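Step one of this worksheet: look at the structure below.
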Protein chains: 2
Amino acid sequence: MAKAEDIESVTAQTGRPLGPRALKTRERLMDATAELLEERSLLDISVVDIARKVGTSPATFYHYFKDVEEVTVHLADRAADEMPAVLDLIDGSWEGDAGLARARNIVDAFISHWDTHHAVLQLRNLGADRGDKRFIRIRRDALGPVLDRFAEQISEAQKAGHLPASLHPYIAAAALGSILERLSAYHKELTHFGASREDVVETCAILIFRTLTGTNS
Amino acid sequence: MAKAEDIESVTAQTGRPLGPRALKTRERLMDATAELLEERSLLDISVVDIARKVGTSPATFYHYFKDVEEVTVHLADRAADEMPAVLDLIDGSWEGDAGLARARNIVDAFISHWDTHHAVLQLRNLGADRGDKRFIRIRRDALGPVLDRFAEQISEAQKAGHLPASLHPYIAAAALGSILERLSAYHKELTHFGASREDVVETCAILIFRTLTGTNS
DNA sequence: CTCCATATTTGACATATCGTCAAATATGGC
DNA sequence: GCCATATTTGACGATATGTCAAATATGGAG
């Protein structure tokens, strides 16, 4: 599970490893990009914009990154660091009310995660769906463990006869992941329908709980 | 429900309505953009690329569109024209096996729809999630009627006591929409897990059926 | 503290795109 | 065949891209 942000892999475009000063500059370039992504589309962000914001020259940018998209790859990597915390919420019993509470916590964590990294996560999925290996790996590393646990839980529910055998556990798990990601991505738009964030959490939690356990409570 | 592609609204950047020759040129520019979107990211598509592909000059492009993103708006509009066919699949009884078969057809239609317009639909959602009014309207027009029907069906299942009252019908419907969209977007990646397209359709159909009716069959 | 090897940054440049005109050209009704 | 107007484009200044070789900063050895 080698992560792209492992120290040894942080190099200049030349392949050379970076010293402390360079690391700081690279960091500032990434931060500036993340901030610009908050306010406008990737389409409207140029290398010059980023360089200007950091108070450096475009040439410096190109010393560290091939293009702006490559910065988003590393930003996605950085966002993925939060996922272990979500995994902690998954492990444990899914029986009854405890299971439902667990589902609520997961949904809540996902929404917060997306609220914090909206633009970057959206670009990650865009890239991954387009077939970009870098983004596919990052998404798999982040989401895979979650889906694995979901799939395992679904399998158990199937063995207990609570869910039909024709359900493909991993695909069903991916479907739950889809709900989490998609609703997290646009839950704010849903509030225009008179639905609060709590409503989103509650409804989403119920659907996940029901699909993981096959029970109705 | 005024659509952006209504004839009267197809104008040059100056606001002037377009004659037959101009309409054809505009069409070719849109087609060229759609083709380019098949092979590379919007980031890597310049106005010059599109103009060259059509065998015209950049100035001509700017006569019809503000920028490349505006073309994608109209492409998204065009893709939305297919949705009425999906709506036909939704209406009718959701009881028993007929309901499950109905779900299968819907999933199948969605996956085909996304396979055909992948890049454009992805950009539509990207724009809409970012708050762009143009894309929000297009998505709402396309998905709203589907979600409305889902929500209505869920309400009925609640009244019949098959689903918990704490479920917010419209959010649950949006969750189903999320499954449809997200799995349609990356179902090809799932097949690397030994899951066929049929598996995706079947699993997705079961989940939708169960959530719409609250029954287990 | 000074010097120097090397890490880091940048100015300068050739190339390309952007976006806007006013001017050129095509069209179709008379 | 003429002309009003619909459509296209050549030309251009401004801005961005991407690559050097050269300039500057740093920190460890002496």
Side-chain angles (χ1 to χ4, degrees), chain A residues 5 7-37 39-74 123 134, chain B residues 5 7-33 35-37 39-74 123 127 134:
Chain A
E5 294 300 298
I7 295 299
E8 78 269 14
S9 74
V10 178
T11 64
Q13 285 300 99
T14 56
R16 206 184 260 277
L18 300 182
R21 184 159 58 121
L23 276 174
K24 220 167 178 177
T25 302
R26 202 187 95 113
E27 201 73 4
R28 281 191 299 150
L29 286 167
M30 282 177 62
D31 290 344
T33 307
E35 278 174 44
L36 286 172
L37 276 173
E39 55 192 53
R40 41 188 151 122
S41 150
L42 180 56
L43 281 171
D44 300 321
I45 298 175
S46 65
V47 171
V48 194
D49 291 330
I50 299 168
R52 262 201 284 269
K53 189 156 179 129
V54 170
T56 183
S57 84
T60 300
F61 177 96
Y62 286 110
H63 188 68
Y64 296 103
F65 305 103
K66 184 177 156 293
D67 52 29
V68 185
E69 194 180 23
E70 194 179 279
V71 183
T72 67
V73 172
H74 295 291
L123 290 172
R134 302 167 298 177
Chain B
E5 294 301 298
I7 295 300
E8 78 269 13
S9 75
V10 177
T11 64
Q13 285 300 100
T14 56
R16 205 183 262 277
L18 301 182
R21 183 158 58 121
L23 276 173
K24 220 167 178 178
T25 303
R26 202 187 95 113
E27 203 72 4
R28 281 190 298 149
L29 286 168
M30 281 178 63
D31 290 343
T33 307
E35 278 174 44
L36 286 172
L37 276 174
E39 55 193 52
R40 42 190 149 120
S41 150
L42 180 56
L43 281 172
D44 301 320
I45 297 175
S46 65
V47 171
V48 194
D49 292 330
I50 299 168
R52 262 202 283 269
K53 189 156 179 130
V54 169
T56 183
S57 85
T60 300
F61 177 96
Y62 286 110
H63 188 68
Y64 296 104
F65 304 102
K66 185 178 156 291
D67 51 29
V68 184
E69 194 180 24
E70 193 179 280
V71 184
T72 68
V73 172
H74 294 291
L123 290 173
R134 301 168 299 177

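The figures that follow rest on heavy atoms only: side chains count, while hydrogens, waters and symmetry mates do not. The structure displayed is predicted, hence computed values, not measured ones. Proteins come first, then strands; the chains are lettered A, B, ... in the order of their sequence lines, and each starts at number 1.
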Apply side chain to side chain contact (heavy atoms under 4.5 Å, CB included) to residues Met30(A) and Tyr64(A) and explain how you reach the verdict. CA-CA 10 Å; Met30(A) 282 177 62; Tyr64(A) 296 103; over 6 Å; no
Report all side-chain donor-acceptor pairs from residues 14-21 of chain A shorter than 3.5 Å, counting only partners two or more places apart or in another chain.
residue: Thr14(A); atom: OG1; partner: Arg16(A); partner atom: N; Å: 3.4

Taking only heavy atoms on the protein side, list every residue of residues 59-67 of chain B lying under 4.0 Å from any atom of DNA chain C, sorted numerically. Ala59(B), Tyr62(B)
To check you understand the geometry: which heavy-atom pair defines the closest contact between Leu29(B) and Phe61(B), and what is its length? CD1-CA, 4.0 Å
Distance-only donor-acceptor hits, side chain of residues 42-58 of chain A, under 3.5 Å, sequence neighbours excluded:
residue: Ser46(A); atom: OG; partner: Asp49(A); partner atom: N; Å: 3.2
residue: Ser46(A); atom: OG; partner: Asp49(A); partner atom: OD2; Å: 3.0
residue: Asp49(A); atom: OD2; partner: Arg40(A); partner atom: NH1; Å: 3.2
residue: Asp49(A); atom: OD2; partner: Ser46(A); partner atom: N; Å: 3.0
residue: Lys53(A); atom: NZ; partner: Glu35(A); partner atom: OE1; Å: 3.4
residue: Thr56(A); atom: OG1; partner: Thr60(A); partner atom: OG1; Å: 3.0
residue: Ser57(A); atom: OG; partner: Ala59(A); partner atom: N; Å: 3.4

When rounded to the nearest 0.5 angstrom, what is the spacing between CD in Glu69(B) and OG1 in Thr72(B)? 5.0 Å
Lys66(A): what forms a side-chain contact (heavy atoms from CB on, under 4.5 Å) with it, not counting sequence neighbours? Gln13(A), Glu70(A)
Give, ordered by number, those residues of residues 41-53 of chain B having at least one heavy-atom distance below 4.0 Å to an atom of DNA chain C; if nothing qualifies, reply none. Ser46(B), Val47(B), Val48(B), Arg52(B)
Nucleotide range of DNA chain D lying under 4.0 Å from chain A heavy atoms: dA16(D) to dT26(D)
